[in-house]
Amino acid sequence: MTTTTQDNLYDVLSRRGLVSQVTDEKIRERLSEPVTLYIGFDPTADSLHVGTLVPIMVLAHAQRCGHKPIAVVGGATALVGDPSGKTESRKMLSREDIDYNARCIAGQIANIVEFNRPGEESPAGAVMVNNADWLTKLSWIELLRDYGAHFSVNRMLTMDSVKSRLDAESGLTFLEFNYMVMQAVDFLHLYKSLNCTVQMGGQDQWGNIVMGIELGRRVAGADLAGLTMPLVTKSDGGKFGKSESGNVWLDPKRTSPYEFYQFWRNTPDVDVKRYLGFFTFLPIEQVNELGALEGVEANKAKAVLAYEVTRLVHGQGEAEKAKDSAGKAFGATQDVTGEAIPHGALAASELGAGIGVVQLLVNAGLAKSNGEAKRLVTGGGVRVHVRVVSDIGQRVTPADVKNGYVLIRVGKKRLFRFDVR
RNA sequence: GGGCGGAUGCCAGAGCGGCCAAAUGGGGUGGGCUGUAAACCCACUGGAGAAAUCCUACGCAGGUUCGAAUCCUGCUCCGCCCA
């Protein structure tokens, strides 16, 4: 993992379509020497999701190019919360919650990026820090005295992130306005404490990154730089990272490796090449080759994508199982006995008198409510084994057990196997 | 501090006393077509129930009315303008 290559990080990212903007035209030269760089992560949940996979990949690429990555957990940000945020606003979290989330997130990042082990410091070993550690110690007066004069509100008002909010209906609160101040202070702090000179982040972080660079220059005469990654979008404009069951998480308890694999396997044709570049470490030549496949062939590329990403996040064993199970279930054999296929036990005694399909759908988690299950049946989307069920009163009986299991399918892709004992 | 406007379902956004579980669009799900793709067409999209029906829901708390998402009062939050 830590093999240092001759590749320049900028070239690597650029070839993979991972560079959106850079603050310094000479970023390439800057990266020809090992540097310390950082990306921030939001600890608002105890798991990251596929959207946050991009920054993790970027940290890993940086490490492979010999740089030292820092993952910054935005504990301070989560501590103050965010009342705005159209959808589920960042909830105000307790210090304990944040620490817990940070540990979970660190574990997930550690699957892909190599962290320093206690006691042995390697030059490119990643470290994780929490900005609550320094931001909570900073007093209001100190902040104003040391940094206040270095922030130009005029300048801040020109930032896109601010401008868009000023005329938006929701407005912009002072609290949110201060996020960029906090993030700027973070950058300065990391520069001073760890000699971190490069910050990376999603395209939406551009303004915050720039503020940090400017603060560093004014306060410490530092020469800092930033690079942003494009936001991951779906070609059809939909939100990336959502599936039938909501967010696609990295935590196997939230999103099973099988579902995870399926999420990637179902990538639209036009997005496959981009995703291969973003979410796998396959050499760029192979990415281009796979990405060039057209028509039915594109499915091969999707299978590779799904396998590779699953392997990165859940390990080879889980990836193999998911691939194998999915391959059999969707292949000519329609074999659904795979280990990774969602399944559960069903007592033979329970089945004796027959169980309503609706009930089974809910038990299997294929429908959230009886109503939804009924709608699915009425819509012709439910099958027991291969037979379509059209009557919501239909019961599944021992006669439906084949080879020791009852298979319930919803649509073409979702299925659940009840192993009867 | 004052004036005005606003708060509706996953999101956006109609409704402005009964016909409202709430138009329309997006999203999502199911069907058709396919390649576990896209585009397109159709349907569904609060909960319980076989159904009748019942329950929950239009920022929060009360009130008026036979009847309220709709009217009134107070509160909370947001926007705009004035100071």
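First the proteins, then the strands, lettered A, B, ... as listed; each starts at 1.
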| note | Ordered by number, residues from residues 292-301 of chain A within less than 4.0 Å of RNA chain B (heavy atoms) are A/Gly295, A/Ala298, A/Asn299

| Base-pairing string, 5' to 3', of RNA chain B - Watson-Crick or wobble, under 3.5 Å, | interstrand | ((((((((.[[[..)..(.....]]]((((((.......))))))(((....)))...[[[[[..)....]]]]]))))))).

| Inter-nucleotide C1' distance (B/C40, B/A7), Å rounded | 38 Å

| message | The criterion is side chain to side chain contact (heavy atoms under 4.5 Å, CB included); which residues satisfy it with A/Gln205, sequence neighbours excluded? | response | A/Gln183, A/Asn208, A/Ile209

| task | Verify whether the ring centers belonging to A/Phe418 and A/Phe416 lie closer than 6.0 Å. | result | yes

| field | Inter-nucleotide C1' distance (B/C71, B/U65), Å rounded | value | 9 Å

| request: Can you figure out which of B/U29, B/A38, B/U34 approaches the side chain of A/Arg414 most closely? | output: B/U29

| At under 4.0 Å between heavy atoms, what does A/Ala329 touch on the DNA or RNA strands: base, sugar-phosphate, or nothing? | nothing

| said: Taking only the C1' atom of each, what is the distance from B/G9 to B/G28 in whole angstrom? | reply: 14 Å

| remark: Side-chain contact check for A/Leu376: nearest option of B/U36, B/G30, B/U34 is B/G30

| task | State which residues pass ring-ring contact (aromatic ring centres under 6.0 Å, His included) with A/His385; sequence neighbours excluded, sorted by chain then number. | result | A/Tyr405

| remark: Across all chains, not counting sequence neighbours, the ring-ring contact (aromatic ring centres under 6.0 Å, His included) partners of A/Phe279 are A/Phe240, A/Trp264, A/Tyr275

| query | Of all residues at least two apart in sequence or in a different chain, which pass the side chain to side chain contact (heavy atoms under 4.5 Å, CB included) check with A/His314? | reply | A/Pro252, A/Pro257, A/Phe260, A/Thr310, A/Glu318

| request: Name all residues meeting the side chain to side chain donor-acceptor pair (under 3.5 Å) criterion together with A/Arg383; count only those two or more places apart in sequence or in a different chain, and write none if there are none. | output: none

| Residue list, side chain to side chain donor-acceptor pair (under 3.5 Å) with A/Asp269, at least two apart or on another chain | A/Lys302

| request: Please name all residues satisfying side chain to side chain donor-acceptor pair (under 3.5 Å) with A/Ser256, sequence neighbours left out, ordered by chain then number. | output: A/Glu259

| request: List for me each residue that meets side chain to side chain donor-acceptor pair (under 3.5 Å) alongside A/Arg375, sequence neighbours excluded, and say none if there are none. | output: none

| said: Per the side chain to side chain donor-acceptor pair (under 3.5 Å) rule, what does the pair list look like for residues 139-155 of chain A, sequence neighbours excluded? | reply: A/Ser139-A/Glu142, A/Arg155-A/Thr158, A/Arg155-A/Glu214

| request: Using the C1' atoms only, state how far B/C19 lies from B/U70, rounded to an integer number of Å. | output: 15 Å

| said: Does the protein touch nucleotides 42-48 of chain B at the base, only the backbone, or not at all? Give it as B, S and - per nucleotide, heavy atoms under 4.0 Å. | reply: --SS-SS

